[in-house]
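Everything on this sheet refers to the single structure shown next.
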Amino acid sequence: MTSLFVEIYSEEIPSQFQGVLADAFESNIKRNLVEKGLSHEQGITFSTPRRIGINLTGIPAKSQSTIIEKRGPRKGAPDKAIEGFAKSNNVPKENLEIKPTPKGEFYFFSSRVEGIATRTLLPNIITNSLSEINLPKSMRWGSGRTKWIRPIRSLIGIFETSNGAEYIPFDYAEISSGQFTYGHRYMNPGPIKVNSFDSYETSLRNAHVLIYPHERKQIILESIEVKCTEQDLEPQIDEDLIDEIVGLVEWPVVLIGDVEKKYHDLPSPVLYTTMKKHQRFISARNKNGKISHFIIVANMETPDKGKTILSGNHRVLSSRLADAQFFLDQDFKFYSQSGLKGALIKLSKISYFKGLGSQSQRVERITALANELANLRCFNVDPGWLSQAATYSKFDLVSETVNELPELQGIMGRYFASRENLPECVSKSLEEHYYPTSQEGQLPVEDVGIVVSLADKINHLVGFSLIGAAPSGLGDPNAVRRATIGIIRIIVEYHLRGIGLKELIEFSMTSHLEQMELKLPTHASFNDSKETIYHFILSRFKNYLKQQFNYDTDIINACLAGNSNGDLNLMCEHIKVLDKFLHSPEGKDLLHIHRRITQLLYSSEAKALITELPSLDEELLEQGPEQELYWAFQRAIKDLADHSCCSPDELEFESILKSLTRLRQSIDSYFDNVIVFANSPKVKKNRLALLSQIIEPLNQQVDISLVTQKI
């Protein structure tokens, strides 16, 4: 089987970028192969701290032959034109073919271009594939101008066929490809000659390098399980941390050390976070539930079975934990003397963000917005508890522990609040209101935490938008997109009805403008700024709906356009109903009815009259199809009213769709037999009024024209 093997060997690549680079390289190589007429079957990528690479199989020995066809003059054209076309292609006139086309018969010249040997195409394919990678970070070294994520030390390219293996000569970053790779930096640092991918994989394994991340991860997890079982410990496995560690080692060796007993009583989050963030250690609990041990993954075997490595890491960890103990003691001292109210006073001296005042002013805005949210029917919270939760939501930002470990924001707030005997729901909210902390992260659970979380995130979005710090590119330095996704997920996943985001945005904007005396940009009005913020949410909402449910874009746009106050949950319900309805037989009737009515109502003649339509006059209705349509519509409205009095919004919307589709026969008969633009102005306006009334219940919910215009 033919295959292409490429390795890029470099200085240590940051863990989080290894897989990204390998995947991008694979994607580029496959695309460039196809563009050169070369097929492939499957590819295997690999990465370690010092190398990325790919082995791609099923590549043919040469590219596909192609037929190039050129069209010349039309049949019957002057002889000079035909002869000129033949001469330009270096063939006699008799070699031209006449072929039919949609525009008539034309002369054609066809020539066959033979395939090119793959080995001659591969150097450019590999070089282009490397240069086309969009590097997350990059650097230059030496006198070269080519960038890579870390300095490249060697390159290998091998093309294997049934006739044997060939080294592919290519250059990148002023380095020429060769025949050698290198083993483990400390255990087997010497050069290793590579003849094939199989020999490469075997030789590196013998040189203490495991090239596949999934294999290193499996070894780490299995070794942790075995060693912890032997010592009756429970490891605190964090998948993100494990994945990071996998990218730090080429030959993983798991070691377990003791945490000094005097630190066992530190709060678990402090112990866990200190180990994870400062040392990349995995925590382990003893049978009493205390974090009593740390797990490290070394990158090498040592003659003393890792004792020296453990000893050094033990000293470093003890110093870190001594610092954590000191900061925690300082916090205990402060809260015992000043209490939580003292923390609120200190908040006034801490800046939130330039242009957005202090953390104390931020809390005031969050509290006001939380109280506004609590008035909505979808929440049932105790006003006193909510006020406490919002007021103390950021008090732990004055904590020395949080200042040292910002990842503990909210977690320490809950811990300190519990020590101060605040109600459990209030204490929990101090941690939960930060949720979700990532796109797929956990949501707040308690109602109090949900309300404060929404208030915090809306305040954050509005504030940064007003000072022009909302993200415009791919980055999100102020976590505005993350806050927006949090708003969307909380509302949609908890089915929170009746939350009008436009009103809440307006409330928050007013709070900012009054409290901070902010001034809007000279070119923007209050309403323009409100709409900009609202549409920022909608753009994230559309992406969320596409990713989570794969709804059609036109259906999403139709339902978003029909909602005037920004009720995301109602939009989501409408999208679900409309998507299902349009994929049913009734959906065709709905689109047909809407198209027939709106094509007439949106005509230039109708638009001139429709702004001054009178109330419908039954006396002007003509007997036959017109009266039949009117009474069919009245029955539909009555049925809808009877049905909706006890139905949620989703059923109301579905009822509107079904009621309208039942009118298809009456509407078709009406259009086939009634002249809407009658000679009598009164009759004409009356008929337009009837059609407007029929379509109005649907137009109040969605803009179906955004669907029908593409069908």
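Because the structure is a prediction, the values reported are computed rather than measured.
- No salt bridge links Lys502 with Glu506; every basic N to acidic carboxylate O contact stays at or beyond 4.0 Å.
- Partner of Leu501 under the side-chain contact (heavy atoms from CB on, under 4.5 Å) criterion, out of Leu538, Ile491, Asp567, Leu454: Ile491 alone.
- By the 4.0 Å N-to-carboxylate-O rule, Arg662 lies too far from Asp589 to be salt-bridged with it.
- The pair Asp672-Arg596 counts as a salt bridge, with a side-chain nitrogen and a carboxylate oxygen less than 4.0 angstrom apart.
- Checked for salt-bridge contact, Glu424 and Arg414 meet the test: a charged N lies under 4.0 Å from a carboxylate O.
- Remark: the Asn569 side chain and the Glu573 side chain contain an N/O donor-acceptor pair separated by less than 3.5 Å.
- Ser705 and Asp703 are linked by a side-chain donor-acceptor pair at a separation below 3.5 angstrom, with hydrogens and angles left out of the test.
- Heavy-atom neighbours of Ile350 CD1 from other residues, nucleotides or ligands within 6.0 Å: above the threshold of 12.
- A donor-acceptor pair shorter than 3.5 Å can be found between the side chains of Asp668 and His592.
- Put simply, the side chain of Ile450 does not reach to within 4.5 Å of the side chain of Val381, judged on heavy atoms.
- Using modelled atom types and a 3.5 Å distance limit, the side chains of Lys428 and His433 yield no donor-acceptor pair.
- At a cut-off of 3.5 Å, with distance as the only test, a side-chain donor of Lys542 or Asn557 sits close to an acceptor on the other residue.
- Summarising the local packing, CD of Gln665 is surrounded by 12 or fewer heavy atoms from other residues, nucleotides or ligands at distances under 6.0 Å.
- No more than 12 heavy atoms of other residues, nucleotides or ligands shown are found within 6.0 angstrom of NZ on Lys75.
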